[in-house]
A.B. asks: 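Here it is, the structure in full.
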Amino acid sequence: MSNYHIKHLEEYYQVYRKSIRNPEQFWEEVAEEHFLWRKKWNAVLHWDFSKPEIKWFEGAKLNITENCIDRHLATRGDKTAILFEPNNPEEPAEHITYKQLHHRVNQFANVLKEQGIEKGDRVCIYVPMIPELAISLLACARIGAIHSVVFAGFSSTALATRINDADCKMVITADGSYRGAKTIDLKGIVDEALQNCPTVKTVLVAKRINSDITMKEGRDKWLQPLLDAASDQCKATVMDAEDPLFILYTSGSTGMPKGMVHTIAGYMVYTAYTFKNAFQYKEEDVYWCTADIGWITGHSYIVYGPLANGATTVMYEGVPSYPDFGRFWQIVEKHKVNQFYTAPTAIRALAKQGVELVDKYDLSSLKVLGSVGEPINEEAWHWYNDNVGKGKSPIIDSWWQTETGGMMITPIPYVTPTKPTYATLPFIGIQPCLMDENGDELKGNQTEGRLCIKFPWPSIARTIWGNHQRYKDTYFSTFKNMYFTGDGALRDEVGYYRITGRVDDVIIVSGHNLGTAPIEDAINEHPAVAESAIVGFPHDIKGSALYGYITLKDIGESRNHDNLRKEINQIISDKIGPIAKLDKIQFTQGLPKTRSGKIMRRILRKIASNELSNLGDVSTLLDPEVVENIIKDKL
Ligand code: WTA
């Protein structure tokens with residue numbers, strides 16, 4: 001029996017049982033057999049969910065880039081590590097071998113050092129999906145700097161907030177980015193953000209779109225000449241297992257985004273192990289995850305997990321719709337992609353286009369299809385299964401989170417029988433449970449509750465940067481001695497899990513987590529707005545879209561409402577990013593509140609979703625007339 005590569009259902013159960021009965025022994029064996037350590041650990045696991053404190057492989061020394069790059073050089077030096085497919089299909093793809101990746105990461109790491117970056121410093125990476133993005137993460141890791149990637153679709157305000165939260169010393173960016181037929185002025189956004197970021201000393205700029213940008217003397221430097229002048233040899237800094245590898249921000253239901261901190265060894269072991277099994281990756285395979293490296297999916301399953309397995313990982317710069325909606329399938333055919341991992345929102349958008357665009361291409365290389373980021377609805381699941389997988393490539397509907405670092409509940413392809421819309425069984429080492437609202441565990445099958453995890457796994461985030469109390473309050477205080485996911489789930493008659501969605505005020509729009517409070521804060525800055533409440537409602541492509549109920553200060557506000565709607569969405573776009581724009585804005589005379597003044601979002605959610613016949617308990621409502629008016633004026 002192999003602990004590392006699970007090939008049959010029987011083996012899954014055996015390994016799973018072993019991983020639960022004796023997690024320390026199990027993870028020790030995996031860690032020992034499959035990774036390169038400079039020094040072994042003193043203890044495999046130390047944990048206390050009440051503090052909370054979690055440490056894996058404490059005392060061990062390593063560098064993750066030696067695991068992702070150096071150790072492959074002897075056996076896979078000329079194998080493609082990163083296969084870059086540009087936005088423009090006419091531009092040739094770039095194959096970066098492990099040897100070349102080694103050189104480029106070393107050069108980049110040397111540039112970081114020359115620019116004064118030291119172990120433990122935070123580096124903000126705001127780079128589009130070009131090779132420099134993946135390379136910059138690895139370069140930070142090479143010298144022990146902590147990377148904080150900000151998705152290059154966030155606004156300057158959102159970028160500044162994240163830079164300041166982590167006191168970043170440097171920003172890595174590009175002159176601009178390609179997105180289909182459009183270009184985006186990234187450097188301009190960075191310049192605006194940096195007006196309010198005193199800690200940033202240096203900005204490294206990759207050239208991508210050759211636009212005319214301004215370079216601030218003494219601060220901004222073109223990346224390429226520095227790389228050209230740098231040595232391609234750079235010793236990896238020896239790191240502690242529990243040193244931070246990166247910070248990645250995710251939305252909370254209230255307040256600032258949370259800078260989730262992942263540490264090196266546990267994250268490496270778990271992302272590598274899940275990658276191998278959940279994709280059944282074999283040596284010659286070409287693997288493609290369509291996510292952006294700005295999100296956790298890209299960190300774990302474009303960069304670290306695949307490279308730790310010596311895989312070929314595709315990085316695609318563009319969008320699914322350019323030059324037409326057949327682009328994904330054209331790329332699958334062109335590079336003979338074997339494993340394809342995408343999001344339900346992309347599947348739904350592509351399904352809308354009809355199957356001709358799929359059938360045009362030879363997809364026979366595909367062996368495994370993946371889905372992540374939000375619940376996949378039944379229709380999209382079948383479309384994906386029938387038209388892309390031709391009924392022969394299992395779909396892994398993988399549930400996990402920025403906080404979990406790696407996949408938590410997912411089928412293992414060719415091992416776990418799939419069931420539409422079900423994430424199925426816990427991955428090896430994961431102990432999920434369902435809790436009721438009183439804090440009691442719901443035992444047995446055919447039950448539904450709040451999804452928690454009972455026992456730590458190697459890649460659980462260790463804290464929120466600069467705010468350990470918030471980490472404790474958010475994840476470990478709702479249920480005693482449990483990690484609370486914020487999701488609801490049900491367990492069917494055979495023990496398969498289906499994720500039903502968020503149970504907090506996070507709304508997932510096109511796979512992006514959005515907290516309602518920060519959006520409301522942005523809206524409330526508009527001088528005409530008195531109060532607002534945002535809820536999600538079902539949308540056939542985005543999964544959920546945002547519905548805003550907004551009360552104006554002056555009911556007779558003279559400006560025409562469509563202009564106000566535009567202004568409000570512009571504020572949201574500026575403060576957060578275009579992804580947080582509202583699909584619907586209803587101006588209301590008031591919002592439904594309880595006697596204690598709390599907005600009753602539950603009712604607003606039902607109205608937005610057109611579930612008018614059953615608004616639930618309205619007995620605590622202060623003024624029922626408010627609700628009647630809202631229903632009357634519903635969009
Ligand atoms: C949701 C993305 C249903 C869930 C890796 C979770 C899912 C949040 C699935 C985390 C899935 C993710 N089925 N829901 N397969 N995968 N989610 O942090 O609500 O961007 O809590 O991590 O996405 O989103 P995040």
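Counting from 1, the numbers follow the sequence of the chain as shown. Whatever order the structure lists ligands and atoms in, that order sets their numbers, starting from 1.
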A.B. asks: Measure from atom 15 (N) of ligand 1 to every heavy atom in Val372, Ile296, Asp397 and give the option owning the shortest one.
C.D. replies: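 Looking at heavy atoms only, Asp397 sits closest to atom 15 (N) of ligand 1.
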
A.B. asks: Please determine whether any non-hydrogen atom of Ala423 lies less than 4.0 Å from an atom of ligand 1.
C.D. replies: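 No.
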
A.B. asks: So if I count the atoms of ligand 1 from 1 in the order they appear, which ones are less than 4.0 Å from some heavy atom of Pro375?
C.D. replies: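 Every atom of ligand 1 under 4.0 Å from some heavy atom of Pro375: 3 (C), 13 (N), 14 (N).
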
A.B. asks: Listing request: all ring pair (Phe, Tyr, Trp, His ring centres under 6.0 Å) pairs with a residue in residues 464-493, at least two apart in sequence or in separate chains.
C.D. replies: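 Residue pairs with at least one partner in residues 464-493: Phe49-Phe476, Trp457-Tyr483, His468-Tyr471, Tyr471-Tyr475, Tyr471-Phe476, Tyr475-Tyr483, Phe476-Tyr483, Phe479-Phe484.
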
A.B. asks: Considering heavy atoms of the protein only, find what lies nearest to atom 8 (C) of ligand 1 and give residue, atom and distance to 0.1 Å.
C.D. replies: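 Its nearest protein heavy-atom neighbour is Ile508 CD1, 3.7 Å.
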
A.B. asks: Hey, can you tell me if Tyr341 and Phe279 have their rings parallel, tilted or perpendicular (30° and 60° cut-offs)?
C.D. replies: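 Perpendicular.
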
A.B. asks: Strictly distance-based, threshold 3.5 Å: is any side-chain N or O of Tyr414 a donor or acceptor partner for the main-chain N or O of Val368?
C.D. replies: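 No, because the side chain of Tyr414 does not come within donor-acceptor range (under 3.5 Å) of the backbone of Val368.
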
A.B. asks: Are any side-chain N or O atoms of Asn387 and backbone N or O atoms of Trp383, one a donor and one an acceptor, separated by less than 3.5 Å?
C.D. replies: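 Answer holds: yes.
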
A.B. asks: In the protein, what heavy atom is nearest to atom 24 (O) of ligand 1, and what distance, to one decimal place, separates them?
C.D. replies: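 The closest heavy atom on the protein side is Asn513 ND2, 3.1 Å.
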
A.B. asks: Nearest 0.5 Å please: distance from the CG atom of Leu83 over to the CH2 atom of Trp288.
C.D. replies: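 Leu83 CG to Trp288 CH2: 10.5 Å, rounded to 0.5 Å.
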
A.B. asks: Return yes or no for this condition: an N or O of Ser371 is under 3.5 Å from an N or O of ligand 1.
C.D. replies: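 In this structure, Ser371 places no N or O atom under 3.5 Å from an N or O of ligand 1.
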
A.B. asks: Heavy-atom contacts with Ile499 under 4.0 Å: which atoms of ligand 1 show up? List them by number with element.
C.D. replies: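 In order of numbering, the contacting atoms are 3 (C), 14 (N).
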
A.B. asks: Between Asn338 and Val286 (side chain of the first, backbone of the second, donor and acceptor by atom type, cut-off under 3.5 Å), is there such a pair?
C.D. replies: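 Confirmed, Asn338 side chain pairs with Val286 backbone.
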
A.B. asks: Just say parallel, tilted or perpendicular for the rings of Tyr281 and Phe275, cut-offs at 30° and 60°.
C.D. replies: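 Taking Phe275 first and then Tyr281, their aromatic rings sit tilted (interplane angle of 30° to 60°).
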
A.B. asks: Give me the residue, atom name and distance of the protein heavy atom closest to atom 18 (O) of ligand 1.
C.D. replies: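 So the nearest neighbour among protein heavy atoms is Thr402 OG1, 2.5 Å.
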
A.B. asks: Taking the six-membered ring for Trp and the single ring otherwise, decide whether the centroids of Tyr301 and Trp295 are under 6.0 Å apart.
C.D. replies: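 No, they do not, as the ring centres are separated by 6.0 Å or more.
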
A.B. asks: What protein heavy atom sits nearest atom 16 (N) of ligand 1, and how far away is it?
C.D. replies: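 Closest protein heavy atom to atom 16 (N) of ligand 1: Gly373 N, 3.1 Å.
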
A.B. asks: Does at least one non-hydrogen atom of Gly486 fall below 4.0 angstrom from an atom of ligand 1?
C.D. replies: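 So Gly486 does not count as touching ligand 1.
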
A.B. asks: Donor-acceptor pairs are to be reported for all side-chain atoms of residues 539-548 against protein atoms at under 3.5 Å, with residues two or more places apart or in another chain.
C.D. replies:
| residue | atom | partner | partner atom | Å |
| --- | --- | --- | --- | --- |
| His539 | ND1 | Ile541 | N | 3.1 |
| His539 | ND1 | Lys542 | N | 3.0 |
| Asp540 | OD2 | Lys352 | NZ | 3.4 |
| Lys542 | NZ | Asp583 | OD1 | 2.7 |
| Tyr547 | OH | Gln586 | OE1 | 2.6 |
| Tyr547 | OH | Leu635 | N | 3.4 |

A.B. asks: Among all protein non-hydrogen atoms, which one is nearest to atom 6 (C) of ligand 1, and what is the separation to 0.1 Å?
C.D. replies: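 Atom 6 (C) of ligand 1 sits closest to the protein heavy atom Asp487 OD2, 3.1 Å.
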
A.B. asks: Tell me which protein heavy atom sits closest to atom 10 (C) of ligand 1, plus the residue, atom name and distance to 0.1 Å.
C.D. replies: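 The closest heavy atom on the protein side is Trp400 O, 3.5 Å.
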
A.B. asks: Can you pull out the closest protein heavy atom to atom 13 (N) of ligand 1? Residue, atom name and distance to 0.1 Å, please.
C.D. replies: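 Among all protein heavy atoms, the one nearest atom 13 (N) of ligand 1 is Glu374 O, 3.4 Å.
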
A.B. asks: One residue to check: Arg502. Relative to ligand 1, which of side chain, backbone, both or neither has a non-hydrogen atom less than 4.0 Å away?
C.D. replies: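 Arg502 to ligand 1: side-chain contact only, backbone stays beyond 4.0 Å.
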
A.B. asks: If you count the atoms of ligand 1 from 1 in the order shown, which ones are under 4.0 Å from a heavy atom of Ser398?
C.D. replies: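 With Ser398 as reference, the close atoms of ligand 1 come out as 9 (C), 11 (C), 15 (N), 16 (N).
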
A.B. asks: Where the side chain of Ser155 meets the backbone of Lys575, is there a donor-acceptor pair that is under 3.5 Å apart?
C.D. replies: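 It does hold such a pair.
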
A.B. asks: Under 4.0 Å from ligand 1, counting heavy atoms only, is it the side chain of Thr297, its backbone, both or neither?
C.D. replies: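 Only the side chain of Thr297 comes within reach of ligand 1.
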
